[in-house]
Amino acid sequence: MIKAVRGTRDLLPPDTALWNFVEAAARDVFRAYNFQEIRTPIFEETQLFSRSVGEETDIVSKEMFTWEDRGRAQSDKGQSLTLRPENTAGVVRAYVEHKLWERGLNKLYYIGPQFRRERPQKGRYRQFYQIGAEVIGPPTAGSESPARDAEIIELLATFLDRLGIAGWNLELNSVGCPNDRASFNEALRKALRPVVSKMCADCQRRAVTNPLRVFDCKVPEDQPIIAKLPRISQFLDEPCRKHFRELQGILNSVGVPFAINDRLVRGLDYYTRTAFEFTHGALGAQNAVLGGGRYDGLSESLGGPSAPGIGFAIGEDRLVMSLKESAEPVLRRPDVYIAPLGPGMNREAARLARELRRHDLVVELGDESFRLKKSFETATRVGAKFTLIVGENEVKADSFAVKNLETGEQVSVRRQELVARIQSDR
Ligand code: ATP
Ligand code: MG
């Protein structure tokens, strides 16, 4: 038997209804904040990710699905391609490639699959889904303003609240700008020198190549060492401090609660200044529902113009998981099961079904070969609220037996009154 590949999974009903509910709610919220949708390819040139996400990140150094695409001729050197591990790089590439600033497109959202070769476990898959958004634009358009950071974060709080997800926490930090990063890296290297030999192999490498990444380390034995390292908060220059203060001021003003976590650096190299994460207690070890941050230099590092930006990515798999703990079922049961009874009744039943569905009723349709008992059993199995019987007598009288499957009550209803009758009990 062929099974789904390790780390991938089929999303089946009724869960898919929950996924659609989440995506519809996201689209509603994005509309209210005037975001528009972008869809980028699920694979890109490998160097897009190595240049933006960063060579030394977990994503690029170990988690990407990369392959060499064959050239046209046998002798052609292939091109290195990669399944997208995240979507910000693709969006910014599209922003640069299509000069989206010329069309005033600066608020974009996406919904789609991402791919990372990670060890599969609860809340961690090799194909997973993200809902994300980016605000990006020329500095003259105010894209650098902390007002944008606050708006993005407030949007997220609104979205989670609207989904009914209670008990989320927002952790906030500023990771500074290249200006602060140099002195911070130097201080980190210095602090790491005497202790790094006691740390994991990854940290020993990071200490040399990209010391900030030490904060990504999840090895428990390394944590006491990391806890004593200098924090970026001590190295922020005045413009970065001011930006961070203003962001906090707006969040306080709109009533979005947050906690400062000056160890939060997030696993992507392109972040500058604001970095944040929303966590949820019910998720267990993989408790980050979403992460985001500012990336003021990303466009330029991809050959574009100066275009400061900020964005986030929600882990939809984890969001749906936390919803399952709390949300009301969003599945709509069939309103009515139509049971054609006897030869020739499929035709009549089809006409009735068409009519009822036009009135936005959810209709499940049986078959004239079914006995009445089988029809009732099927109607109960699919969870219909009513069974409507379509037999020769009913058609002649233009009046149909409608049975409420919850109360057992059965009444005869004239054709013109069917819709009203069924809707009234919805
Ligand atoms: P983590 O620390 O959990 O590995 P991350 O920092 O790698 O997360 P990001 O790259 O910031 O995650 O992606 C944003 C969100 O996407 C995460 O907060 C998480 O909800 C989700 N996510 C990331 N990787 C996976 C995965 N392999 N499976 C499911 N969801 C994921
Ligand atoms: Mg990760």
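Numbering starts at 1 and runs along the sequence shown. The model shown is predicted, which means the values in this text are computed figures rather than measured ones. Atom set for the values below is all heavy atoms of this structure, side chains included, hydrogens, waters and symmetry mates excluded. One-based numbering, in listed order, for ligands and for the atoms of each.
Among protein residues, R116, E118, G123, R124, Y125, F128, Q130, K218, R266, A288, V289, L290, G291, A313, G315, R318 come within 4.0 Å of ligand 1, judged on heavy atoms.
Between F235 and F184, the ring-plane angle classifies as tilted under the 30° and 60° cut-offs. Between W168 and F278, the angle of the ring planes lies from 30° to 60°, which puts this pair in the tilted group. Relative ring orientation between Y295 and Y270 is described as perpendicular, the plane-to-plane angle rising above 60° on a 0-90° scale split at 30° and 60°.
Each of V363, I338, L365 was checked for a side-chain contact (heavy atoms from CB on, under 4.5 Å) with L352, and the lone residue meeting it is I338.
For F35 and Y109, the distance between ring centers is not under 6.0 angstrom.
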Counting only pairs under 3.5 Å, give me each side-chain donor-acceptor contact of residues 247-254, with atom names and distances, residues two or more places apart or in other chains.
| from | atom 1 | to | atom 2 | distance (Å) |
| --- | --- | --- | --- | --- |
| Q248 | NE2 | F244 | O | 3.4 |
| N252 | ND2 | Q248 | O | 3.2 |

